[in-house]
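For reference, the structure is listed below as structure tokens.
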Amino acid sequence: MLQGGNPYTLAKEIHGIGFATADQIAQSVGIPKDSQNRARAGIDHVLLGATSEGHCALPLEKLKAAAVKLLELPVETIERAVSQMLTGGLLLLEEIDREPLIFLPHLRKAEDGIARKIKRLATAGVAYPKIDIERAVTWCEKKTRKTLAPSQREALKTALTSRAVIITGGPGVGKTTLVNSILLILRAKKVKCLLCAPTGRAAKRLTETTGMTAKTIHRLLEVDPATGRFSRNEDKPLDCDLLVVDETSMVDVLLMYALLRALPATSGLIMVGDVDQLPSVGPGNALRDLIDSGVVPVVRLTEVFRQAASSKIITSAHLIRQGKMPELRRAESGTDFYFIERDTPEEIAATLVRLVQDRIPKGHRLDPIRDIQVLCPMNRGSIGVRELNTVLQGALNPVRPGEPAVERFGWRFQVRDKVIQTENDYKKEVFNGDIGAIEKIDPVEQELSIRFDDRLVTYDFGELDEVSLAYAVTIHKSQGSEFPAVVMPVAMQHYMLLQRNLIYTGITRAKQLLVVVGQKKALGLAVRNDQSRKRYSGLLGSLKESCL
């Protein structure tokens, strides 16, 4: 039964039913095209679509134009619906930088909540026992047998004397050493520390580098699988004196607000992240806004340490971050970064397959499926994710007669295939971006089993819209992960997405080996293009407002 005879409620309440499906149902039951229910649902749809592009709001004129195009209705009908939604509290209107922006209320609430909590933290006293910094540093260096550079010592002092601090910097600048030193000193003072990261892979890496258990943010906040809501909040805060959040550039405003709500009133907060990477997939640009606001002390590590400076991956990443082209002359053997110039998409694809299938596994003793990851700027095109996955699956895991396989949602899935989870599944405890391998396909039970690290997770065939092949993934999907070897196609075909932070993020995913295949012109365009797409948001403004 349709609630109140309004099919558009289905789009909100039932997963998988979008606006287009609800609109078809509405048309079939005779709901007028110019009904206010349809107009309101279309406006909602436009704003929700904007969140998937990273926006927390849309300028009023842009929203009206997009709704007119979607609904094929006069602008007056859209304006009337917007007015009704503003009056009913379904939308919020705020003028930011002299531009009227329309927000979905829950996103504006999250931004205001972040600003309020952060400003309170920034003005609060230090949460930790009194520490003699010089003695603590000497003790720490003796314990770890690592000498801290002057910049790290200064950063350590800031972290130990501030309630909230941001630690940012590129690869090889000593973020891990700094965080480990902070944790070592504070734990010796019996400070209870909790560690978290946005993805399973990032949490696992944080566990490995610190020797402490790190959880995903969702697991730390005790997500309810049925509702997606978090159990931890102001009424049931986390049990800690310090919370460390790694890969903070990936944290959107909703997740940041949830974390801050669960932070005890007496706890400290350390946010670690590389602000030059891509911003979060979800709405907002929380880490950038927090840094730009000047509300929280920011530690910027810039000195590349000697051991890291021998890596061409790291030195090239820092050159790109500064808007400079990396060294692309023919690389000597033994280096960890190669650029292979190819002119056409066909040549790029053919070279890429040979590298993954043969040259890299032989030359570097790496498993072609497990250890080598192809990262693409975009999904579409002959050297996009979809096409390359089909080609790489055929090359690396060809069909074996008699072996079970299943075709669903545009993919053929086989045993040994590398796959990626494409949405959060709280019941399975598998999250967007987790990469695994298919171990078993049972045609009788209509089930498929995927191993994610040390866990085997079972999917019904009907649930396979949650996964796709992962021989190639987008650079966006690779955030928070590292791979032994990365192969990255770069071509003018990717023109729309060629931006510095995209290429920089892709390059910094490689641990041992990076091979970029493609056109120098395209790489140069990306390196020069520092104009990231603007994200409409009110967080920075809220942070800069004087504390009430």
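Throughout, residue positions are numbered sequentially from 1 according to the sequence presented. Quick note: numbers below take in every heavy atom, side chains included, and nothing from hydrogens, waters or symmetry partners. Remember, it's a predicted structure, so these values are computed and weren't measured experimentally.
Looking at C196 and L259, their side chains come closer than 4.5 Å, going by heavy atoms from C-beta outward. Side-chain atoms of D434 and I420, non-hydrogen and from C-beta on, never get closer than 4.5 Å to each other. Using a 4.5 Å heavy-atom cutoff, the side chains of C240 and P264 are in contact. Using a 4.5 Å cut-off on side-chain heavy atoms (C-beta onward), T422 and K477 make contact. The closest side-chain heavy-atom distance from V281 to M250 is not below 4.5 Å. Contact check for F483 versus R201: side-chain heavy atoms found under the 4.5 Å cut-off. Counting heavy atoms from C-beta outward, L448 and F413 have side chains that approach closer than 4.5 Å. Side-chain atoms of L71 and I78, non-hydrogen and from C-beta on, do get closer than 4.5 Å to each other.
For the pair K192 and D239, the salt-bridge criterion is met [side-chain N within less than 4.0 Å of a carboxylate O]. Between E53 and R535, no side-chain nitrogen of the basic residue sits less than 4.0 Å from a carboxylate oxygen of the acidic one, so the salt-bridge criterion is not met. Residues E545 and K119 are not paired through a salt bridge, judged by the lack of any N-O separation under 4.0 Å between the basic side chain and the carboxylate. Taking the charged nitrogens against the carboxylate oxygens, R40 and D44 have no contact shorter than 4.0 Å, which rules out a salt bridge. Remark: D530 engages R500 in a salt bridge, criterion side-chain N to carboxylate O under 4.0 Å. Using a 4.0 Å cut-off between charged side-chain N and carboxylate O, E208 and R205 make no salt bridge. Salt-bridge annotation for R408 and D465: absent, with no side-chain N of the basic residue lying under 4.0 Å from a carboxylate O of the acidic one.
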Item to complete: Let me see the working for L93 and L101 under side-chain contact (heavy atoms from CB on, under 4.5 Å), right down to the final yes or no.
Response: CA-CA 6 Å; L93 171 65; L101 295 185; 6.0 Å; no
Worksheet entry | Verdict with supporting geometry, E154 and K157, salt bridge (charged side-chain N to carboxylate O under 4.0 Å, His left out) | CA-CA 5 Å; E154 200 56 40; K157 184 178 179 181; 5.0 Å; no
Discussion item. Go through it in stages, so that I can follow the logic: the residues are L238 and S267, the test is side-chain contact (heavy atoms from CB on, under 4.5 Å), and I'd like the CA-CA distance, side-chain angles, deciding distance and then a yes or no.
Written reply: CA-CA 9 Å; L238 297 165; S267 177; over 6 Å; no
Worksheet item: Could you walk me through whether I185 and Y128 pass the side-chain contact (heavy atoms from CB on, under 4.5 Å) check?
Response: CA-CA 11 Å; I185 291 168; Y128 320 122; over 6 Å; no
Discussion item. Walk me through whether L121 and L263 qualify under side-chain contact (heavy atoms from CB on, under 4.5 Å).
Written reply: CA-CA 10 Å; L121 271 174; L263 190 72; 3.8 Å; yes
Worksheet entry | Pair K204-D453, salt bridge (charged side-chain N to carboxylate O under 4.0 Å, His left out): steps then yes or no | CA-CA 10 Å; K204 188 181 178 190; D453 294 324; 3.5 Å; yes
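In R300, the CZ atom is not crowded: 12 or fewer heavy atoms of neighbouring residues, nucleotides or ligands sit closer than 6.0 Å. Around CZ of R380, the count of heavy atoms belonging to other residues, nucleotides or ligands within 6.0 Å does not exceed 12. Within 6.0 Å of the CZ atom in F409, the count of heavy atoms belonging to other residues, nucleotides or ligands exceeds 12.
Panel note: side chain S478, backbone I475; a donor-acceptor pair is recorded below 3.5 Å. At distances below 3.5 Å, at least one donor-acceptor pair connects side-chain atoms of N389 with backbone N or O atoms of V385. Counting only distance, with no hydrogens or angles, the side chain of S231 and the backbone of E222 share a donor-acceptor pair below 3.5 Å. Of the possible donor and acceptor atoms, none in the side chain of N424 sits under 3.5 Å from a partner among the backbone N and O of Y426. A donor-acceptor pair under 3.5 Å links the side-chain atoms of T209 to the main chain of L206, judged by distance alone. The backbone N or O of G49 lies less than 3.5 Å from a partner atom in the side chain of S52, making a donor-acceptor pair. Checked by atom type and distance alone, the side chain of N233 pairs as donor or acceptor with a backbone atom of D235 at under 3.5 Å. When atom types are taken as modelled, the side chain of S162 and the backbone of V165 share no donor-acceptor pair closer than 3.5 angstrom. S542 places no side-chain N or O within donor-acceptor distance of the main-chain N or O of A115, the cut-off being under 3.5 Å. Put simply, the side chain of T505 gets close to the backbone of L278: a donor and an acceptor are under 3.5 Å apart.
Screening R509, K418, E482 against Q373 for a side chain to side chain donor-acceptor pair (under 3.5 Å) leaves a single residue, K418. Of the candidates I182, L184, L183, L186 forms a side chain to side chain contact (heavy atoms under 4.5 Å, CB included) with just one, namely I182. Among V275, I118, V295, the single residue meeting the side chain to side chain contact (heavy atoms under 4.5 Å, CB included) criterion with L290 is I118.
How far CG of D274 is from CZ of R321: 8.0 Å, rounded to the nearest 0.5 Å. Taken to the nearest 0.5 Å, the CD atom of E111 stands 5.0 Å off from the CZ atom of R108. If you take CG on D252 and OG1 on T51, they are separated by 9.5 Å, rounding to the nearest 0.5 Å. Taken to the nearest 0.5 Å, the CD1 atom of I166 stands 8.5 Å off from the CG atom of L269. To the nearest 0.5 Å, atom NZ of residue K511 and atom OG of residue S481 are 10.5 Å apart. The structure places CZ of R288 at 8.0 Å from OG1 of T168, a figure rounded to the nearest 0.5 Å.
Minimum heavy-atom separation, Y536 to H55: N-ND1, 3.0 Å. Nearest heavy-atom pair across V253 and C56 is CG2-SG, 3.8 Å. The shortest heavy-atom contact between T216 and A203 is N-CB, 3.9 Å. Nearest heavy-atom pair, T161 versus V126, reported as atom, atom and distance to 0.1 Å: O-CG2, 3.4 Å. Here the shortest heavy-atom pairing between P377 and P489 reads CD-O, 3.3 Å. The nearest pair of heavy atoms linking V245 to I217 is CG1-CD1, 4.3 Å.
For the side chain to side chain contact (heavy atoms under 4.5 Å, CB included) test, residues two or more places apart in sequence or in another chain that qualify with E61 are K64.
Note on ring orientation: taking the six-membered ring where Trp is involved, the planes of F431 and H218 are parallel (angle under 30°, cut-offs 30° and 60°).
Side-chain N/O atoms of D112 and Y257 include no donor and acceptor closer than 3.5 Å. Between the side chains of Q152 and T177, no donor N or O sits under 3.5 Å from an acceptor N or O. In the model, Y459 has no side-chain atom that pairs as donor or acceptor with a side-chain atom of K428 under 3.5 Å. Using modelled atom types and a 3.5 Å distance limit, the side chains of Q421 and E466 yield a donor-acceptor pair.
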